[in-house]
Amino acid sequence: MAEGLGTAAPAPDSRPSGVSSGVQHDLFQDEDTVNDYGSHNKPGTILQRFVPEGNIPFPDIFQTNQLLFYERFRAYQDYILADCKASEVREFTAEYLEKVLEPSGWQAIWRTNVFEVLVEVTNVDFSSLKAEVKLTHPYLCESRVSTFTLECMKELLELKENQLPLQELWVVFDDSGEFDQTALAIEHVRFFYQNIWRSWDEEEEDEYDYFVRCVEPRLRLHYDILEGRVPSGLIIDYHKLLSECEEIYRKFLNLRSSISNGDADTELENVSMAEGLRLYSEIEQLKQKLKLIENPLLRYVFGYQKHTGIQAKGIRPTGKKITHVVSTSMMASLLHSLLRDKLYQESHEEMEIQFHNDPLSAINACYEGDTVIICPGHYLVNGMFSIADSIELEGYGLPDDIVIEKRGKGDNFVDCTGANVKISNVKFVQHDAVEGILSIHCGKTTLENCVLQCETTGVTVRTSAELLMKNSDLYGAKGAGIEIYPGSKCTLSDNGIHHCKEGILIKDFLDEHYDIPKITMVNNVIHNNEGYGVVLVKPKIFSDLQENAQDGSEGNKILKVQENEEVGAREKMGQEEQMQYTSGELGPYARPEFYDQTDQMEGNCEIVNELVAASTRKGQMKKKRLSGLGIIEADDNLMSQEMFVSIVGNQFKWNGKGRFVLFHWRHNQNEGERLTDT
């Protein structure tokens with residue numbers, strides 16, 4: 001690890017005044033003007049300039065921190081790291097710098113958290129990733145404290161032997177183009193050590209190349225965060241986990257150093273060893289959590305199963321249940337209709353009614369068992385609906401007459417964690433969000449006679465949550481209309497799901513952690529989606545398949561027959577077509593399966609067969625593991641566990657790639673994560 005990697009000041013604002021943020025250069029796109037290391041043959045710079053802010057007239061510097069994802073990706077993959085191991089990162093980086101970096105004759109601004117000073121580079125020590133510098137004449141320095149005089153700065157440089165980490169230097173702008181690659185190379189080093197490298201990476205096992213294992217997922221996560229594709233709560237969790245892991249790792253290093261320097265076989269050393277094991281265990285747990293978030297496929301399953309943290313209020317202290325009426329204005333005729341249809345009770349018990357101008361204030365005022373009645377109108381909301389208690393939200397009229405539109409960017413629109421939430425006769429309109437229009441984290445949510453106009457993703461049914469959706473219309477999702485997570489329960493009846501990226505996405509790729517989702521689909525019309533009507537993602541577990549292949553039991557013969565049928569089916573299919581996977585950007589290969597559109601009902605059987613096959617395989621694996629421990633299950637009927645699956649009467653029309661596709665998700669440490677279809 002380079003010394004002082006974490007001491008550099010933050011990069012300058014990525015959108016300086018006077019510089020167009022829309023001007024981007026693909027530094028590797030033109031082979032006639034760019035060589036293997038990005039140098040151009042035409043005179044003049046291809047980079048923008050940045051004017052430093054402050055009271056000191058520093059010279060302009062190169063604007064290099066606006067590089068696009070694929071520019072950084074290609075630089076690290078093709079020119080800097082290639083297939084190096086974590087222990088070789090420093091060596092590969094030094095070799096790259098030696099080829100592209102000007103060793104002397106250029107100026108830079110040395111930035112720290114305390115001061116900025118102009119220096120001139122006289123030499124570069126590539127192996128240590130440091131530059132030998134001297135102060136310029138005239139002396140230019142801007143400090144947040146008044147103690148950094150010229151003499152103090154000279155003393156500081158002498159203490160550092162006039163050597164500074166390259167990532168703390170911002171190269172002074174030169175329009176000749178001579179120092180373009182010097183500025184870019186330092187930017188790549190600076191970005192890498194600020195955003196990609198972890199202090200514990202060198203101690204990881206070097207079983208396959210560092211780029212695939214660490215650089216690519218961390219780089220993707222960084223740009224997903226920049227582009228607003230990661231929920232803010234998950235970003236906070238990630239940075240918190242990262243800080244915790246770094247702090248514990250520092251303690252671990254200090255403890256390990258004290259043990260190695262101490263006397264052997266002492267009681268103190270034994271105590272230190274026990275503490276070291278505890279710290280090591282904590283580090284490993286934190287690292288696994290970080291990897292789950294960094295993995296673009298798993299972060300949406302494991303990484304954010306939390307909700308907003310709002311706790312259920314429970315029953316109101318007085319024990320009463322209140323009916324909340326929402327209306328922008330209350331006319332006598334409307335009040336009369338409400339009293340007649342909704343508010344009058346035959347029982348003699350008095351009903352308490354509260355009136356609100358907007359739905360958000362009404363929901364926030366609710367306790368367990370309350371009812372919210374929304375009168376016709378178009379309601380614009382800037383907040384998020386967090387429903388943590390069992391309440392009923394009901395529109396008074398047709399859905400198109402009761403419109404709740406989300407304004408402003410935000411992570412969520414409707415978050416449900418209540419034990420029994422009911423929503424009916426409402427139209428939700430969503431704009432510019434990260435999460436779906438409706439997220440059910442736990443408990444049961446019933447959605448009836450609603451319209452969901454999405455602009456990001458649609459309804460998300462998280463693990464252990466339950467959705468009952470009937471007589472509703474969902475459209476416009478840029479991801480899947482409905483995402484069904486492992487371990488959840490979803491009942492869809494008489495709905496329309498259309499004009500989305502995918503219709504329904506069933507995630508069943510964590511067999512060891514959760515049961516397959518319980519799904520009932522009856523009389524739904526899934527049509528006009530860009531991709532498939534239904535996408536099923538499930539695991540391909542190599543170890544279990546190999547063990548079963550060696551077992552002569554009847555159950556394992558079934559697995560072998562099924563596997564051979566899958567291989568045979570793949571051999572019969574035509575040429576593969578690459579498809580961009582919505583939530584992970586992993587670029588799997590999906591083969592379009594075109595069906596006879598006149599026979600819509602075949603899709604129901606295909607989905608049922610795949611769900612049953614997945615659960616049968618899981619049951620056989622579980623039975624084999626238990627039998628190895630001497631445990632015999634009483635219920636030997638595997639199919640009895642699948643009676644909950646009911647998928648009938650659904651219509652699949654005009655979906656761009658077909659009705660149904662199955663993706664196999666494989667997790668193999670030596671090959672990374674990938675999706676294949678069958």
Side-chain angles (χ1 to χ4, degrees), residues 305 307 312 363 366 368-374 385-395 398-399 402 404 412-428 430 435-454 457-475 477 480-498 500 503-508 514-526 533-534 604 607-608 611 642-651:
Q305 294 180 3
H307 49 83
I363 290 176
C366 282
E368 185 81 9
D370 283 3
T371 299
V372 178
I373 298 176
I374 305 178
F385 293 133
S386 295
I387 305 177
D389 290 281
S390 296
I391 67 171
E392 185 171 349
L393 178 67
E394 178 185 356
L398 298 175
I402 300 104
I404 303 176
N412 304 322
F413 192 173
V414 182
D415 254 13
C416 292
T417 58
N420 191 9
V421 177
K422 296 180 180 179
I423 304 174
S424 60
N425 302 324
V426 177
K427 180 177 182 178
F428 292 101
Q430 180 192 38
E435 290 283 287
I437 195 168
L438 171 62
S439 295
I440 307 166
H441 296 276
C442 57
K444 178 181 179 180
T445 296
T446 299
L447 203 65
E448 184 173 3
N449 197 32
C450 290
V451 177
L452 306 178
Q453 179 180 320
C454 317
T457 54
V459 177
T460 303
V461 189
R462 298 281 181 177
T463 298
S464 301
E466 180 179 353
L467 169 67
L468 171 57
M469 178 175 170
K470 53 186 178 180
N471 298 316
S472 296
D473 193 43
L474 186 154
Y475 59 92
I482 298 179
E483 290 189 7
I484 305 173
Y485 277 67
S488 64
K489 183 177 181 180
C490 186
T491 301
L492 306 175
S493 175
D494 299 286
N495 302 292
I497 303 171
H498 56 98
C500 302
I504 299 173
L505 175 62
I506 305 171
K507 297 186 175 182
D508 177 36
Y514 299 108
D515 293 330
I516 71 170
K518 299 181 180 181
I519 300 172
T520 300
M521 293 173 55
V522 179
N523 297 332
N524 300 284
V525 181
I526 304 172
V534 176
N604 299 280
I607 300 169
V608 172
L611 290 175
E642 301 304 326
M643 296 305 293
F644 60 83
V645 176
S646 176
I647 302 179
V648 294
N650 301 285
Q651 298 184 45

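Everything numeric in this text was worked out from a predicted model, so none of it was measured.
- The nearest pair of heavy atoms linking C454 to I437 is SG-CG2, 3.8 Å.
- I506 contributes atom CD1, which lies 6.5 Å from atom CE of M521 (distance to the nearest 0.5 angstrom).
- No donor-acceptor contact under 3.5 angstrom links the side chains of N471 and N449, judged on distance only.
- Between G503 and I497, the shortest heavy-atom distance links the atoms O-CG2, 3.8 Å.
- Summarising the geometry of E466 relative to I440, their closest heavy-atom pair is O-CG2, 3.9 Å, with the distance given to 0.1 Å.
- Two residues are said to be in side-chain contact when any heavy atoms from C-beta on lie closer than 4.5 Å; V459 and L452 meet this criterion.
- For the side-chain contact (heavy atoms from CB on, under 4.5 Å) with I423, the lone residue among L393, T446, I391 that qualifies is L393.
- With values rounded to the nearest 0.5 angstrom, K444 atom NZ is found 7.5 Å from T491 atom OG1.
- Judged by distance alone, the side chain of E368 and the main-chain N or O of S390 form a donor-acceptor pair under 3.5 Å.
- A donor-acceptor pair under 3.5 Å is formed between the side chain of N650 and the backbone N or O of N524.
- Taking all atoms of both residues into account, the shortest heavy-atom contact from P486 to P517 is CA-CD, 4.2 Å.
- Between F428 and F385, the two ring planes are perpendicular [angle over 60°; tilted spans 30° to 60°].
- Nearest heavy atom pair, residue G481 against residue L474, reads O-CD1, 3.4 Å.
- Partner H441 forms a side chain to side chain donor-acceptor pair (under 3.5 Å) with one of T463, D415, T417 and no other, that one being D415.
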Handout entry: side chain to side chain contact (heavy atoms under 4.5 Å, CB included) assessment of I484 paired with I519
Key = CA-CA 9 Å; I484 305 173; I519 300 172; 4.2 Å; yes
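- For the pair I363 and S386, the tightest heavy-atom approach, listed with the atom from each and the gap, is CG2-O, 4.2 Å.
- Judged by distance alone, the side chain of S472 and the main-chain N or O of K470 form a donor-acceptor pair under 3.5 Å.
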